[in-house]
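These notes concern the structure reproduced below.
Just follow the structure's listing: the first ligand is 1, and inside any ligand the first atom is 1. Bear in mind that the values here come from a model prediction, so they are computed numbers and not experimental data.
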Amino acid sequence: MNATVSDTRLLPTYPETKIGFVEGDGVWLTGTDGGRYLDFAAGIAVVSLGHRHPAPLAAAHAQLDRLWHVSNLFATEPAAELAAQLSARFGGAQAFFCNSGTEANEAALKYARKATGKPGVLALEGSFHGRTLGSLAVTGQPGKRDAFEPLGPARFAKPNDIASLYSECDENVGLVLLEPVLGEGGVVPLDPAFVAAAASRAHGLGALLAFDEVQTGVGRTGSFFAWEQLGVKPDLVTLAKALANGLPIGCLLVADDAVRGFAVGDHGSTFGGNPVSCAAAVAVCATIDDELLASVRAHGDRLLDGLAALPGVTEARGAGLLVGAVLDRPAGEVVDAALDAGLVCLTAGPNVLRLAPPLVVGAGEIDNALEILTEVLA
Ligand code: PLP
């Protein structure tokens, strides 16, 4: 089968692809054209330990040979172990497992509504929280929302604008939902002062504070959770993408002192907590140690400095290995040209190039990517 051929039996929700991929190894992909590609997209910040990393690979294989699925009517070791590991990383939390980022945010929306009794949500302009109707309602991008209005009650403040936050966040708000770094919205890191103001406003109004760490979590920014670098511990955290290194999983974490929402029957998911995904995720969590996180910070700085010096880059910003380069031209053209030259990367809005390589990337591969981008942007 040739994966590059457009399949007319798929609904056209994605643009036609130029190339397909048949194999991955670390930071490298093999294309259907037989070429080798440097992967600085990692499946949109998902394959964080690199393709076929031995730890989640072995854990998933072992679990496949043991037990695939029993549903949440019964306990399984991998889900219990993953919840325990995430609680320890968070500093005391309970977990609900689902299958994707948007489902994790749906769980957070329902949780906050039940816990506070308030329907309102304060999110940020430019934010992205997912494609299901609840998550879409709190996504601050009119282009993604407009065709599906009317959506639920949400207000949007400007990122890093405390006055806007205060004017948009009123007593109807039961949840303040923030991405520590707006990923799809242009790789915009939030200021610690803005996040502190959001926490104080939320708690002053009896609302919960949630961080959507679907993209920033699990080591991507150089700490296990991005909030560790912001100095504000949230009530709720959502995770997905990198948690199982490419197997489907999502998670809502609720801080121990915010556990007052769900009771039996309030929420559920047939596949949530799938033993194979959870076994892989346990191995991912065990692999993300202090040494790897230090390397994410160092390599992130190298990438950021290199990007800032490239022609056509007006600003380079980000956290750890979630990096954006603001361009003087459309980012889509640059992503296309880079792919032709053997580098897979992403956009984040019309003029921001987004790079999110596997966290195991080396200095040589970063320099290799920068050389390709130098030629593409020249
Ligand atoms: N939240 C954030 C911050 C995201 O970046 C994404 C996906 O890009 C989502 C939620 C939605 O995740 P999923 O596509 O797994 O539903």
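Every atom of ligand 1 with a heavy atom of Thr102 under 4.0 Å away is listed here by number and element: 11 (C), 12 (O), 13 (P), 16 (O). Counting the atoms of ligand 1 from 1 in the order shown, those under 4.0 Å from a heavy atom of Asn105 are 1 (N), 10 (C). For ligand 1, the atoms closer than 4.0 angstrom to any heavy atom of Glu184 are 5 (O), 8 (O). The ligand atoms of ligand 1 that sit less than 4.0 angstrom from a heavy atom of Val214 are 1 (N), 2 (C), 4 (C), 6 (C), 9 (C), 10 (C), 12 (O). Residue Glu179 has at least one heavy-atom neighbour below 4.0 Å for each of these atoms of ligand 1: 3 (C).
For atom 1 (N) of ligand 1, the nearest protein heavy atom is under 4.0 Å away.
For Asn105 and Thr238, the side-chain atoms include at least one donor-acceptor pair closer than 3.5 Å. Side-chain N/O atoms of Arg297 and Gln229 include no donor and acceptor closer than 3.5 Å.
Just one of Leu346, Leu307, Val344 meets the side chain to side chain contact (heavy atoms under 4.5 Å, CB included) condition when paired with Leu355; it is Leu307.
Centroid-to-centroid, the aromatic rings of Phe225 and Phe211 stay 6.0 Å apart or farther. In summary, the aromatic rings of Trp227 and Phe90 are positioned with their centroids under 6.0 Å apart.
At least one heavy atom of Lys241 sits less than 4.0 Å from an atom of ligand 1.
Residue Gly101 places at least one N or O, backbone or side chain, under 3.5 Å from an N or O of ligand 1. The shortest N or O to N or O distance between Glu103 and ligand 1 is not under 3.5 Å.
Protein heavy atom in closest approach to atom 5 (O) of ligand 1: Gln215 NE2, 2.8 Å.
Residues Arg201 and Val173 form no side-chain contact, since every pair of their non-hydrogen atoms from C-beta on lies 4.5 Å or further apart.
Remark: Glu333 does not engage Arg329 in a salt bridge, criterion side-chain N to carboxylate O under 4.0 Å.
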